[in-house]
Amino acid sequence: MQAEKLNPENERRQIATIFNRLSDLAENYSIHAGSRDILDFKVRLINHWEDLYNDLRSLYGESECFQDNLIDLMDLMLRSWSKRPDDLKIHDKLREKNPKWHQSRDTVGGVLYVDLFSRNLRGLHEQIDYFKEIGLTYLHLMPLFAVPHEENDGGYAVSNYRAVNPDLGSFDELSELAVLLRQEGISLVLDFVFNHTSNEHRWAMAARNGDPEHQKFYHIFDTREIPDRYEETLREIFPTVRKGSFTYCQDCSKWVWTTFNSYQWDLNYSNQKVFNAMTEEMLYLANSGVEILRLDAVAFIWKKMGTTCENLPEAHTIIRAFNSIARIAAPSLLFKSEAIVHPDDVIKYIGTDQCQLSYNPMYMALLWEAAATRSVSLLQHAMSKRVTIPDGCSWVNYLRCHDDIGWTFDDNDAWETGINPHDHRKFLNSFYTGRFEGTFSKGLPFQFNPETEDMRVSGTLASLAGLEQALERKDHLLIEMSVLRIAMLRSIIISSAGIPLLYLGDEWGMMNDYTYLHDTSKASDSRWVHRCRNRWSKGDFENSDTIEWRLFHNLQRLIKLRKKLPAMNNGKMTILNSGNDHVYSFTRSNGSQKILVLANFTEAEQRINLKHIHGLERISEAHDHTSENNPVNRENILLTPYQFLWLEIK
């Protein structure tokens, strides 16, 4: 059901009803009706009420309990606001004055697993200086909530959103870390696993014990009839692990919707009480100091018979409603989309009213595609069509994350550049798993599906980019090429529009760790080859003769350079055709400064004439910032193997 716009009279009546209720609620939380706190809350409520109401009415308006649940939602929002720490309310005002802060050239991200990087949260306190040394202002901690000890999908089967895995520390230590990071100008980022819970979450335990109210928190069926009808149009997410999207629960003798794993129960967002309950968890995290929540598995949160149950319109409505609530009760909280779906669907989640940030999985895939083929044609073609996103939003650009690499380019883009997408994905899988003759890569296959021949690839940046193989062969030329290749790829994500995100360990060249094969709980999941325990010491970065030193200081230098250039200070980026199929080119501009980025994707020298770059205005001067502002010959630029230039052009 689509909600009609509220007419002015109805809107005034609804606002008056809520405000009257708020006055009563405020007293419950010791908030004086005339206090600054309640006045700020009311102003934000006025500003966002119509959008929130219309979104919730479109989802739940036909329910007899709609108004009661709406009042309950207002109650929990005000209760959360009353508990929000004063320093966060001050931070809220700063962010409201600068809502595009994440587009700053100073914003650089890092991501890590707490246990693998520093063993526990307390150990992370000791690494804050290291994060600042790299230049990080954004730190994403991989899932750290309480989970079942055995099966937990790497932390994505949450048993309690308000408790940290005791092996990592306590929630108080997490909140303390958030304060320390914020004092040093580093924003804390966490995952919000909101599509499903663990089957050991208290809601799931109540459902397993037969509680009808909590069984409505999930998609639970008495027989296979309805699940079978749904599965006619569903795809299998992990085909090598299990068949189908439903699991039989012995405890309650019913079938449960489990999109990912049998122990991850999908939440039923058609139940407004589920929406309210997850809102409460979201605001609790926001009040602990989390500034950005990555919305996990965002594409799957709404179910509808006869569809794939992915990327449905209602999923966007739910995110918009969460966003309105954040603007009211935790204004500095932002959302990051995680949607490893078709590139056209990824963009649909990005907006100031949905996810202000979004991973850019297509860019990651295309950079690796270009590295394998030594051709930038597909990269250039696809990015020129999809680089632009709504104003006030940012891409999060990365070469690797905790997950696998899937070849998420658009088939039509491939055909338009003369590439057979099916065959090309087979080639890329072969190349990056070391089976293609002449490959430099040492990746591993992940989730191979023999029926479709589909698969993804695991591996660290250094191993995928050739360093592991080169060191094994003790080939100095290959080692040099791999170091240059890594530097070139990193230069692109650091200079591209958006937030560069580094998987920590890659800054010094961490390579695949095969010890996971000896752990029976991990051996079947090749992603653990790049989820490695930290193996560096400070001394690795003090000896300039080491590869670790070169990789670390090259990265550090590029980040410092990014932060000096005004052109890097917004989300504007224009993809160009360099006139050379091996050289990727784009511009960044801000104010009077324009930077032209050139990157050679081959082991051979390449020449560029700036006059031949399509879409570039006539250039009178060009100076390279990567080589201390040296002027270049505009008509005869020689790029050595894997060289990149950041040219200021006039």
Side-chain angles (χ1 to χ4, degrees), residues 107-113 134-136 138 140 142 336 338 340 343 346 357-374 376 378-379 382-383 387 394-409 428 431-433 439-444 446 456-469 481-512 527 529-532 547 550-552 554-559 562 573 584 586 597 599-601 642 644:
T107 306
V108 177
V111 58
L112 57 85
Y113 281 94
I134 298 173
L136 303 186
Y138 160 124
H140 183 169
M142 294 302 293
K336 178 168 62 172
E338 188 264 357
I340 310 301
V346 170
L357 311 177
S358 175
Y359 280 124
N360 198 348
M362 183 187 75
Y363 204 17
M364 173 191 67
L366 290 173
L367 288 171
W368 287 113
E369 186 274 342
T373 62
R374 280 73 164 183
V376 301
L378 181 56
L379 168 64
M383 285 298 294
V387 69
S394 295
W395 286 117
V396 176
N397 300 314
Y398 58 108
L399 293 170
R400 186 174 78 81
C401 66
H402 70 289
D403 249 336
D404 50 275
I405 297 174
W407 306 112
T408 55
F409 53 79
L428 292 169
F431 186 94
Y432 281 106
T433 55
T439 183
F440 51 71
S441 188
K442 292 272 289 186
L444 297 180
F446 176 68
R456 282 100 80 190
V457 176
S458 300
T460 68
L461 169 60
S463 293
L464 290 171
L467 183 58
E468 181 179 346
Q469 182 193 93
M481 289 299 104
S482 65
V483 170
L484 294 175
R485 189 181 295 119
I486 291 168
M488 183 272 296
L489 289 169
R490 293 199 302 203
S491 78
I492 293 174
I493 66 162
I494 292 171
S495 58
S496 293
I499 300 172
L501 182 68
L502 314 168
Y503 189 104
L504 290 180
D506 284 346
E507 73 274 20
W508 55 267
M510 178 171 63
M511 287 183 286
N512 287 349
R527 292 173 299 180
V529 80
H530 56 243
R531 297 171 179 174
C532 313
I547 292 174
R550 282 187 65 188
L551 291 174
F552 181 84
N554 169 270
L555 174 69
Q556 192 181 49
R557 181 176 69 90
L558 285 177
I559 290 173
R562 167 191 164 93
M573 176 177 175
Y584 184 45
F586 57 88
V597 176
N600 178 5
F601 269 76
Y642 292 112
F644 54 91

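Note that the structure is predicted; figures quoted are calculated from it, not measured.
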Search all heavy atoms of [X] against all heavy atoms of [Y] and return the closest pair with its distance.
{"X": "Leu464", "Y": "Gly459", "value": "CD1-O, 3.5 Å"}
{"X": "Ala465", "Y": "Ile486", "value": "CB-CG1, 3.6 Å"}
{"X": "Gly509", "Y": "Leu551", "value": "CA-CD1, 3.5 Å"}
{"X": "Ser463", "Y": "Asn512", "value": "OG-N, 2.9 Å"}
{"X": "Ser496", "Y": "Phe586", "value": "OG-CZ, 3.6 Å"}
{"X": "Ala599", "Y": "Ile492", "value": "CB-CD1, 4.0 Å"}

Under 3.5 Å, side chain of [X] to main-chain N/O of [Y], donor-acceptor pair present?
{"X": "Gln556", "Y": "Asn554", "answer": "no"}
{"X": "Arg562", "Y": "Thr107", "answer": "yes"}
{"X": "Glu468", "Y": "Thr460", "answer": "no"}
{"X": "Arg527", "Y": "His402", "answer": "no"}

Side chain to side chain contact (heavy atoms under 4.5 Å, CB included) between Val346 and Trp395, intermediate numbers included: CA-CA 11 Å; Val346 170; Trp395 286 117; 4.0 Å; yes
Geometric class of the Tyr359/His140 ring pair [parallel <30°, tilted 30-60°, perpendicular >60°]: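 Aromatic pair His140/Tyr359 classed parallel.
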Side chains of Val457 and Asp404 in contact at under 4.5 Å (non-hydrogen atoms):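 Sidechains of Asp404 and Val457: no contact.
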Min side-chain heavy-atom separation Leu502-Ile559 under 4.5 Å: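 Side-chain contact under 4.5 Å: yes.
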Rounded to the nearest 0.5 Å, what separation is found between the [atom1] atom of [X] and the [atom2] atom of [Y]?
{"X": "Leu399", "Y": "Ile493", "atom1": "CG", "atom2": "CD1", "value": "4.0 Å"}
{"X": "Leu555", "Y": "Phe552", "atom1": "CG", "atom2": "CZ", "value": "7.5 Å"}
{"X": "Ile499", "Y": "Leu357", "atom1": "CD1", "atom2": "CG", "value": "5.0 Å"}
{"X": "Leu489", "Y": "Leu484", "atom1": "CG", "atom2": "CG", "value": "11.0 Å"}
{"X": "Leu379", "Y": "Tyr584", "atom1": "CG", "atom2": "OH", "value": "4.5 Å"}
{"X": "Phe409", "Y": "Met362", "atom1": "CZ", "atom2": "CE", "value": "11.0 Å"}

Working for side chain to side chain contact (heavy atoms under 4.5 Å, CB included), residues Met488 and Asn600: CA-CA 8 Å; Met488 183 272 296; Asn600 178 5; over 6 Å; no
Identified side-chain contact (heavy atoms from CB on, under 4.5 Å) counterpart of Ile405 within the set Met364, His530, Arg456: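 Answer to the side-chain contact (heavy atoms from CB on, under 4.5 Å) test with Ile405 among Met364, His530, Arg456: Met364.
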Chi angles and distances behind the side chain to side chain contact (heavy atoms under 4.5 Å, CB included) call for Asn397, Leu367: CA-CA 11 Å; Asn397 300 314; Leu367 288 171; over 6 Å; no
Step-by-step ring pair (Phe, Tyr, Trp, His ring centres under 6.0 Å) determination, Tyr398 to Tyr503: CA-CA 8 Å; Tyr398 58 108; Tyr503 189 104; over 10 Å; no
Those residues that, when tested against Ser458, pass side chain to side chain donor-acceptor pair (under 3.5 Å) (two or more places apart):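 Per chain and number, Ser458 pairs via side chain to side chain donor-acceptor pair (under 3.5 Å) with Ser526.
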Lys442/Met511 under side chain to side chain contact (heavy atoms under 4.5 Å, CB included): CA gap, chis, key distance, verdict: CA-CA 10 Å; Lys442 292 272 289 186; Met511 287 183 286; over 6 Å; no
Aromatic contact, Tyr432 with Trp368 (centres under 6.0 Å):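 Distance test on ring centres: under 6.0 Å, yes.
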Pair listing, side chain to side chain donor-acceptor pair (under 3.5 Å) test, anchored in residues 485-494, at least two apart: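 Sorted result for residues 485-494: Arg485-Glu603, Arg485-Tyr642.
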